[in-house]
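Worksheet: the structure to be examined is printed underneath.
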Amino acid sequence: MTTPRKLFVKTYGCQMNVYDSERMAEALAPSGYVTTDRAEDADLILLNTCHIREKAAEKVYSELGRLKPLKAANPDLRIGVAGCVAQAEGAEIVARAPSVDLVVGPQSYHRLPELEARARQGARAIDTDFPAEDKFDALPARPKAARGPTAFLTVQEGCDKFCAFCVVPYTRGAEASRPPARILAEARDLVDRGVREITLLGQNVNAYHGAGVDGEWSLARLTAALGGIEGLARIRYTTSHPCDMTDDLIAAHGEGGKLMPYLHLPVQSGSDRILKAMNRRHTAEEYLRVIDRLRAARPDILLSSDFIVGFPGETEADFADTLALIEAVGFGQSYSFKYSPRPGTPAAERAEVAAEVADDRLQRLQALLRTQEQAAQAAMVGREVTVLFEKPGRLPGQMVGKSEYLHAVHAMAPGVTPGTLCRVRITESAAHSLGGEVVAE
Ligand code: 5AD
Ligand code: SF4
């Protein structure tokens, strides 16, 4: 028997890349690869990259620099760049980083075995096409290895929204939904392997419109069908666009099924002028109405959002509108970024806000968001939640997991195995997690 080759995958960016990294490892298994978490041991290193902000892309080039000595020490080592930087800058990577043997865009992962074979023979293999075939159809069925209690499942990819700041429509291509039958089959397989919570992924996941045998399925219909899978306890989805929060999806949150009371709904700005300049296709008021409808359906829903500060043209008054929107909603969790011009996007042509101004706004925004996050956590103290325990904690007998609201929760739970759902009474709120006591299994 030949010794297996070792694959090290480093994942940057969003959850979709986490999912893609798993699938890349599966695609390379028939070529004799097993995964390792030590880059030094690897025969193939893949960097699964993110291009969403400048910093994310620059990290790839620094990592390639750090990997150089490994290549010098092991002439058989092959290095590949995958993901959105590969898609956006394939030719530049090849020119700038001679250590790179393989470049593969996010739509071509099913071609990895062939690209790897070419790279192994000494060629530099590049594939950044948007092929007609679906990469997920062509990928091998997931093998039956046991898994942890939570998993990602990509149901939709790409985006047609063209927000003025965003590279996704260029790197991930046009919006495309996977057929419901394939998603249901993959979900059943994950559940057979121990998964109890599935997060459905898509760049614009609530624009999902998969072709079923009986016509087009919405995300609400897909979550309802997934809810019928025995053994699956929880369903989440991310990331959504406010304009695609349809009535059926909002209603699904109120039905008390397996859909969790948590929603990540990026708004980016609270200023109508900036929302228009961003091509977000909705006003601040329309966003607030969506939130009202969600809360009417599911009063305890925890809301999360993304914000960009310092978008070209943003004035202090626009920024004040963003703070006002945050005050009006009360977010339980948030991600905030300083605007970063991305080559090829419309906003990259516009005059930038001074860096000090943007830095100052980011600090003020984050201070407000932190206060809201802490308030949302503090409000959990004294309440009972259901926790899906995922792994042991730092202390003997302690387990950690997530509540329905996606809060990290730790509790003493000796003998409780990962994948168990327990009722937990929250007793304390720490910086980034909650502590509690198990009241029932
Ligand atoms: N600059 C800063 N933040 C950005 N995002 C996307 N593109 C940019 C950019 N050019 C943020 C948005 C998006 C999140 C995934 O990343 O807030 O929702
Ligand atoms: Fe990018 Fe999201 Fe806008 Fe699509 S909807 S262009 S992925 S920010």
Side-chain angles (χ1 to χ4, degrees), residues 1-11 15-38 41-42 44 46 48 109-110 112-113 135-155 178 181-201 223 225-238 258 260 386-394 396-404 406 408-411 413-422 424 438 441:
M1 213 178 105
T2 51
T3 40
R5 293 209 198 105
K6 295 213 170 99
L7 168 69
F8 173 78
V9 187
K10 181 157 181 170
T11 309
Q15 293 148 328
M16 196 170 283
N17 270 6
V18 176
Y19 176 84
D20 281 348
S21 292
E22 287 173 10
R23 303 303 314 261
M24 280 194 269
E26 287 164 10
L28 285 166
S31 311
Y33 278 97
V34 294
T35 52
T36 171
D37 30 8
R38 286 168 47 91
D41 296 345
L44 174 63
L46 289 176
N48 191 7
Y109 294 152
H110 51 295
L112 257 176
K135 71 171 176 188
F136 296 115
D137 286 0
L139 281 171
R142 280 171 170 259
K144 292 273 178 200
R147 318 201 14 144
T150 63
F152 294 129
L153 202 177
T154 293
V155 303
R178 299 176 68 197
R182 285 191 174 273
I183 296 165
L184 287 162
E186 195 171 322
R188 278 188 212 103
D189 177 61
L190 287 168
V191 171
D192 286 346
R193 291 157 60 198
V195 169
R196 306 215 62 199
E197 171 178 311
I198 291 180
T199 302
L200 306 175
L201 298 180
T223 56
L226 286 162
I229 298 178
E230 206 183 318
L232 180 63
R234 294 174 156 188
I235 302 166
R236 303 181 188 277
Y237 62 91
T238 198
K258 295 180 181 176
M260 290 294 99
T386 303
V387 177
L388 174 60
F389 282 120
E390 292 172 30
K391 55 184 184 213
R394 273 182 293 118
Q398 195 184 50
M399 291 292 288
V400 293
K402 299 276 167 53
S403 76
E404 309 79 323
L406 211 57
V409 178
H410 55 89
V416 169
T417 50
T420 308
L421 287 154
C422 290
V424 173
V438 174
E441 232 181 87

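Count residues from 1 along the sequence. Side chains included, hydrogens not; waters and symmetry mates left out as well; all remaining heavy atoms used.
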Any chance you could measure [X], atom [atom1], to [Y], atom [atom2], to the nearest 0.5 Å?
| X | Y | atom1 | atom2 | value |
| --- | --- | --- | --- | --- |
| T223 | I198 | OG1 | CD1 | 12.0 Å |
| R182 | L153 | CZ | CG | 12.5 Å |
| L46 | Y109 | CG | OH | 9.0 Å |
| M399 | H410 | CE | NE2 | 13.5 Å |
| M24 | T35 | CE | OG1 | 12.5 Å |
| T36 | D41 | OG1 | CG | 4.5 Å |

Only distances under 3.5 Å count here; give the side-chain donor-acceptor pairs of residues 227-235 to other protein atoms, sequence neighbours excluded, each with its distance to 0.1 Å.
unit_1: R234; atom_1: NH1; unit_2: E197; atom_2: OE1; d: 3.2
unit_1: R234; atom_1: NH1; unit_2: K402; atom_2: O; d: 3.0
unit_1: R234; atom_1: NH2; unit_2: T386; atom_2: O; d: 2.8

* Hey, are D192 and R188 close enough for a salt bridge, meaning a charged N less than 4.0 Å from a carboxylate O? -> no
If I compare all heavy atoms of [X] with all of [Y], which pair ends up nearest, and what's the gap?
| X | Y | result |
| --- | --- | --- |
| T154 | R178 | O-NH1, 2.9 Å |
| G148 | V195 | O-CG2, 3.5 Å |
| A411 | V438 | CB-CG2, 4.1 Å |
| Y19 | F152 | CD1-O, 3.1 Å |
| P113 | A27 | CG-O, 3.5 Å |
| V400 | P392 | CG2-O, 4.1 Å |

* To do: Dump the intermediate steps for side-chain contact (heavy atoms from CB on, under 4.5 Å) on L190 and R147, then the final yes or no.
  => CA-CA 8 Å; L190 287 168; R147 318 201 14 144; 3.7 Å; yes
* Structure fact -> side-chain hydrogen bond (donor to acceptor under 3.5 Å, both in side chains) filter on K10, not counting sequence neighbours, yields E63
* Check: T150 and T199 side chains under 4.5 Å, non-hydrogen atoms ->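 The answer is no; the side chains never approach within 4.5 Å.
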* **Side chain proximity check, L226 to L200, heavy atoms < 4.5 angstrom** =>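 Yes. Closest side-chain heavy atoms under 4.5 Å.
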* Can you check whether N17's main-chain N or O pairs, donor with acceptor, with N48's side chain at less than 3.5 Å? ->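 Confirmed, N48 side chain pairs with N17 backbone.
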* With sequence neighbours left out, what residues match F389 under ring pair (Phe, Tyr, Trp, His ring centres under 6.0 Å)? -> none
* Asked: Has K6 got more than 12 heavy atoms of other residues, nucleotides or ligands less than 6.0 Å from its NZ?
  ->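 Result for NZ/K6: open.
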